Structures are given as structure tokens and as C-alpha cells.
There are 2 protein chains.
Amino acid sequence: MVTLAEVAQHAGVSASTVSYVLSGKRSISMSTRERVERSIQQLGYHPNAGARALASSRSNIIALMVPLRTDMYVPVMMEIAIAVATTARTHGYDVLLLTGEEGPTAVRRIAGSSLADAMILMDVELQDERLPLLRETDRAAVLIGLPADTDGLTCVDLDFEATGALCVEHLAGLGHREIAVIGEAAAVYERHTGFAERTVDGVRAKAQEAGVRVLHRSCEGGYAAMAQTLARISDERPGTSGFIVQNEAAVEPLLNLLRQQGRAVPEDVSVVAICPEQVASQASVRLTSVAIPAQEMGRRAVEQVVAKLGGRGTDEVELLAPELTVRASSGPAPLG
Amino acid sequence: MVTLAEVAQHAGVSASTVSYVLSGKRSISMSTRERVERSIQQLGYHPNAGARALASSRSNIIALMVPLRTDMYVPVMMEIAIAVATTARTHGYDVLLLTGEEGPTAVRRIAGSSLADAMILMDVELQDERLPLLRETDRAAVLIGLPADTDGLTCVDLDFEATGALCVEHLAGLGHREIAVIGEAAAVYERHTGFAERTVDGVRAKAQEAGVRVLHRSCEGGYAAMAQTLARISDERPGTSGFIVQNEAAVEPLLNLLRQQGRAVPEDVSVVAICPEQVASQASVRLTSVAIPAQEMGRRAVEQVVAKLGGRGTDEVELLAPELTVRASSGPAPLG
DNA sequence: AGGCGGTGTCGAAGCGCTTCGACACGGTTG
DNA sequence: CAACCGTGTCGAAGCGCTTCGACACCGCCT
């Protein structure tokens, strides 16, 4: 391995000069800068990460805690993770991948060992166990998701309330008077991950405003569960003509079952999904949907974290505005 | 931050003794060990990662390069990544997440900076650009996937040839004489990722042995593409009664289209999928399938890498044996 | 009793980098 | 012309840890 000292010798300058060329923290004359840079090239020098971290007490690493479970929102999580990794690189950071498995301990371990300069937490619950620890440390952190108490925390998330409202607005605008929300699995609500509840809140508020009736039912993924959920909805609210689906695993079953029942989409019933673009555009009926802006969320989280590390940080909640894309699954409500 | 020196002072021993307690590299008397451990607890000491890396020239970090594209095999990739992260932790390693974006440069950067002790590469192509660099460095590495030349490389992958053969064996055993393979998108074959080709090779070999005719067609995801592919197959081989699908995004479209055409599964046609368990068990017909053992692959890759770092390494290709699970989508071929 | 090996502990020397204060030099300024 | 300033460079002191060789001590053997 080539060291700083070797580069310095090769360029005929002192080690500190090389360091300053690299960091740009002091002005360096054009001539020596060029000489040093040439030496770096020629010798194929790469700064030793450990030494740098030790001396500067900054590792240039951002830790990303992803949920352990791979049962829901996998593509979204993956997309966020990848966006985080690539965005981090453009800011000179690498990303350390932590799974939820270790739980709160991981926060302590990472902060304690100075392994990472900052953390990004995904899959945040309303009462998240990691938050107390996070508040204790001086490490910069950003949450993707919204806990109950956001005090002193920086959060990035889709504005799920607005999302719910937007879906209702769209359906109401098309004349639908009875709407059903097919939500995530019951476990998601029990875990209090927040986003699901917030969506429903947004739906309810807007529905009241628009004079629309709403029924909300959770739904496990798969066909059997969907069939049951759908039956219950038909039972309780036979007049339902609009569906809002927030559950990737329920989308295709829903469309299939409606088809089997001879209810045409969008002529008889309209469906609006809250899901990644890909799911919406590849479904058997191209779905009118509000996309989950995974990339944007990952990108913004990193930018916030980098800003904080640069001292330009702000503790604030950033809610991304939802966008509804009209596709083939929604249309005017059938006449009376 | 608490330092080793502070722990030493608190416990009334020297710094080196504390270090030896931590590493276990020299014998320590029961009494001092306990005293030191108590001090560590009380002070909440965590070793500084940078200092440790510098002094020991080992970072206890494994770099994981995941593909940048999020268009295929996302759940599989995610599952592998998570398995890698959790398995790594049980061996005392953390995982650095690199995206394919940086390409071969990342290999150089990581090796040069001593940021990671080892690398695990996913999404390996037959002629992968990263391999020459990998062979140059002395860093331990394991590939998930199989390049054309595995010389001097350690690889872990599902045995896709055996997988293809297994599918044929199952269908042939049920009396199917004409089989169609619905493969990945054409781009996958062009990129020469290997696994797709190997599957087809396995299929062909077994088919010849079993006296079965095989037609192989690539297929983009989605309904339109599937409809087209299916039409071509019906055209060229109207007698086809068995399908092998190796494309997550094609599974549901295929089942739907068959249904629309009035061809019952499994009475009229049988379908065998090569896909993650979850997809197979949640599809609209529970699919007979060969699972992609994502977790196992991630786990084995880490174990290999750790073995290498421990000097017990072997350069060898480890192919995991496929397992076929019979579910509801395959049955006896229709008579005549 | 003297010597020997084993065990447990310590001191000191780095690992490769950053960063602070010092300083030399040439160009301004009063 | 002297005092002054800004610019560019250097030396040295660590950052917190690992690890090597040294050494003190104990019990054992002869």
C-alpha cells in the first residue's frame, strides 16, 4: 500500500502539504499542487480509511438501518437503499448496511465506535425503540418515516395524509360516492408504522369534506385474503364503486377477483393504488396511482444528513408532496 | 467517547492488558479479566473503529456490491443483501453497501483504502469488468453468480443447470412431451449474466435425455409482452403442455392469459416456476417451483469470505442444489 | 538451592493520517 | 525603509488502538 509519506517524498514536499492538497483546507500553489497530484496518480495512492478516520474523527460513512422483514415493501426499501447509496457517494460518503435485527443496540454500537458519522433509519415506528438512543447521541440522524414525536428529529417521508386525500379527491371528482380503502395487513397497523394510519386519516378528512362515505379494511396479501375482504366490503357497502388500495400484494388479486365477478375496471368500479410506479404500470390493468417516491426519499434523506454533518442542518420534517398519475383503472362512477 | 486508556486506568491495568482482554490473543487471569470487563461495562466503552482498523490493518468490514438496476430480481437481491448483513454480524463484521454504479472503480477504491477486508460481488456477468481488478488485489472476495472463467475465484450460486434439468424431469415424469421455457427479458441474455443461459442448458440436456421437445423464448415482463410470447409459442408448438417460467414479472401474466384462453392449470397445462418462494406461494395458482435460495446464497458467501479471511479459504465454486416443491400448478399431461 | 519454563502483565513503538502553530518569503503600506 | 500582512510550506504532536519483546513471578524439577 502506498502511503501519504511516500507520495510526499516522491513529490518532494512534506506530508502535510500532500494532506492539504487532498483536503483543500489550505491554499497550495498551482505548481506544487500539480506536482503532488501527478505523484498521486503515478503511485496509485489511496488514503487509508482507518487512519483518516482516526486522525479526523470522521469516517465518511453513513449507516443505513433497513428493516429485517422482507415481507412488505421490498422493492420500495431496495430502491431507497440504492438511492441512499448512490447519493451518498456523490457526497463522498459510503454506506454501512445495518439490519433491524440488532435493534436499538446497533445505534449504540455505531455511535460508540465512531464507525459512522451519521445514521439513516428506515421503517420507523410511532414509538420507535431506537429514538431515545438516537436523541442521546450527538450523531447526525435522519428518519425515513414519521414517529409520533418528531421533536428534535429530522424526518423525510411521503405525505401520506395528502396522499389519502388526493385519492379521494380524484374518485370524488369522478362522481364516486362510496369508497373502500383496502389497506395493509393488520400486523402493519398493530406495529404502528404510522404511514398506513396517516393515509386513512387523510382519506377520512377529505371524504367528509367531499361528502363521500368511506369504509376501511386491512387486508393480508394473496387471493384468499383478498376474496374475503372483498366479500365483506360488498356485504357492508354494496354501493361501493371506488377502491383505494395501499398494499402491493393485494393489487393483482383485487383486479383478478373483480374480473371474475364480472365487474369491469374502470367502467363499473374504479381502483386507485398507492404503490411504486412499477407495480402500477405493470399490473394487468394499468393503475391510476400515487407513486411512492422511493428514490426521492432516499436522496433527500442523504442530503439532509450531509447538510447536518456540514453544520447547515435543520431539525425538520420534510413531507414529499404526492402525485397522482391517471391511468386506465379509474373513470366516472357508473350512473345511479 | 471513552477510550481504551480510560478503561485501563479505571481497572488499574495497562492499556495492552485491556486490549488483550478484548481480543483474547493472550491469556489473562480470571481476576483481571473480570475487573476489566466490569470497567468496560461501567464506562460503556466501545472500541474506536478507525483506530482499530489502523493499528490492526483489518477493518472488520465486508463490502457488498449490489446491482444498480432495480428492474429484476429485486426481492432476491434484497434477501441476499439482508442475509449477508445479518450473517456478517454474527461473525463480527459489518457490511458496506456499494452499488454497481461506480463499477470497477469501486473495487479499486475499496481495496486501496483498506476500507473493507473483503468483498462480495453480486450480479456477476460472464465477462465481468471487475474481475481483473479483483484478481490483482490481495483482498478476499466471493462472487454470488458465476463468471465464464472461475479460475482463482470463489463463487456461490444456485446450480441453474441442475435447476433446469429438475424442472424438465418433473414435467417429463408427468408425461409432458413438449415444453416451453419462458425466460428472462432479452436484455438479460445480452448482458450475459450466465444464470439464464445455464438454466436453458440444463433444460436442453435433460430434455434430450428424456426425449422431450423444448422451445425457449425470452420474455419482457408485463401483460402485452407475455401475450405476444404466448402467441408465438402456441403458433410454433401448438402441442406444448408444460411451461417453465424463469421471470418473476411473467408469472402472473402467464397465469392470467392461460385462464383467459380457457386453458386450465394444471389440467390442461402445467407450469413450473423458477422464482422466490414467496412469489410461488402467493401467485393466483400456487406454483410448483424451484426456489431461489437467496438467504442461503448470502449466508454461504459470507461464510466463505470469513473462512478466507481466517486463512482457511479455498478457491472453489459452490453450487447449491435446487429443490423442487410441488404445488398446484403442475399435473399429469392431458391425454393425446 | 539454583535454574527452568510457563503464565500474566506492562511499556513502547508504531499504524497513516490530520491539523495546529511556526515560519520564510515577497509584496504592500505609511 | 521598516513594519506589516498574506500566502505557501513544514515539523511535530497526536488520534486510539494493536502487538512485540521484555520481565516479574510462581512452582517445578533435579
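Every chain is numbered from 1, with letters handed out A, B, ... down the list of sequences. As the structure is a prediction and not an experimental result, all values here were calculated from the model.
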Checklist outcome for this item: Taking C:dC10, D:dT18, C:dT19 as options, the one with an atom nearest any side-chain atom of B:Arg26 is C:dC10

Next on the checklist: Without decimals, in angstroms, what is the distance between A:Arg33 CZ and D:dG8 P?
Outcome noted: 9 Å

Next on the checklist: Please report the distance, rounded to the nearest Å, between CZ in A:Arg58 and P in C:dT19.
Outcome noted: 8 Å

Checklist entry - Under 4.0 angstrom, heavy atoms only, what part of the nucleic acid is A:Ile28 near: base, sugar-phosphate, or nothing? => result sugar-phosphate

Checklist outcome for this item: Between CG of B:Leu43 and P of D:dG16 the distance, given in whole Å, is 15 Å

Next on the checklist: Tell me the interatomic distance from B:Tyr20, atom OH, to D:dC17, atom P, rounded to whole angstroms.
Outcome noted: 15 Å

Checklist entry - Looking only at side chains, do B:Ser56 and B:Arg58 share a donor and an acceptor under 3.5 Å apart? => result no

Checklist outcome for this item: Comparing A:Ser27 with B:Val18, nearest DNA chain D nucleotide closer to 5' gives the residue A:Ser27

Checklist outcome for this item: Closest to the side chain of A:Ala51, out of D:dC15, C:dC17, D:dC17, is C:dC17

Checklist entry - Where the side chain of A:Ser19 is concerned, which of C:dC17, C:dT18, D:dG16 is the nearest nucleotide? => result C:dT18

Checklist entry - Measuring from A:Gln304:CD to A:Leu309:CG, what's the distance to the nearest 0.5 Å? => result 11.5 Å

Checklist outcome for this item: Among C:dC15, D:dA22, C:dC17, the one nearest any side-chain atom of B:Ala55 is C:dC15

Checklist entry - Which one, D:dT9, C:dG16, C:dT9, comes nearest to the side chain of A:Thr32? => result D:dT9

Item to check | Spacing of A:Leu54 atom CG relative to D:dG16 atom P, expressed in whole Å | outcome: 7 Å

Next on the checklist: Without decimals, in angstroms, what is the distance between B:Leu4 CG and C:dA13 P?
Outcome noted: 18 Å

Checklist entry - If you pin B:Ser56 and B:Thr17 to their nearest nucleotides in DNA chain C, which one's is more 5'? => result B:Thr17

Checklist entry - Between B:Arg52 and D:dT18, is there a side-chain N or O to OP1/OP2 distance below 4.0 Å? => result yes

Item to check | Under-3.5 Å donor-acceptor pair between A:Ser16 side chain and D:dG11 base | outcome: yes

Checklist entry - Between atom CD in A:Glu34 and atom P in D:dG8, what is the gap in whole Å? => result 14 Å

Next on the checklist: If I take atom CE in residue B:Met30 and atom C1' in nucleotide C:dT7, what distance separates them, rounded to the nearest angstrom?
Outcome noted: 15 Å

Next on the checklist: Counting only heavy atoms from other residues, nucleotides and ligands, does the tally under 6.0 Å from CZ of A:Arg108 exceed 12?
Outcome noted: no

Next on the checklist: Can you confirm whether A:Glu125 sits close enough to A:His192 that some side-chain heavy atom of one is under 4.5 Å from a side-chain heavy atom of the other?
Outcome noted: no

Item to check | Neighbour count >12 (heavy atoms, 6.0 Å) for atom CD, A:Gln42 | outcome: yes

Next on the checklist: Under 4.0 Å from OP1 or OP2 of D:dT19: is there any side-chain N or O of B:Lys25 that close?
Outcome noted: yes

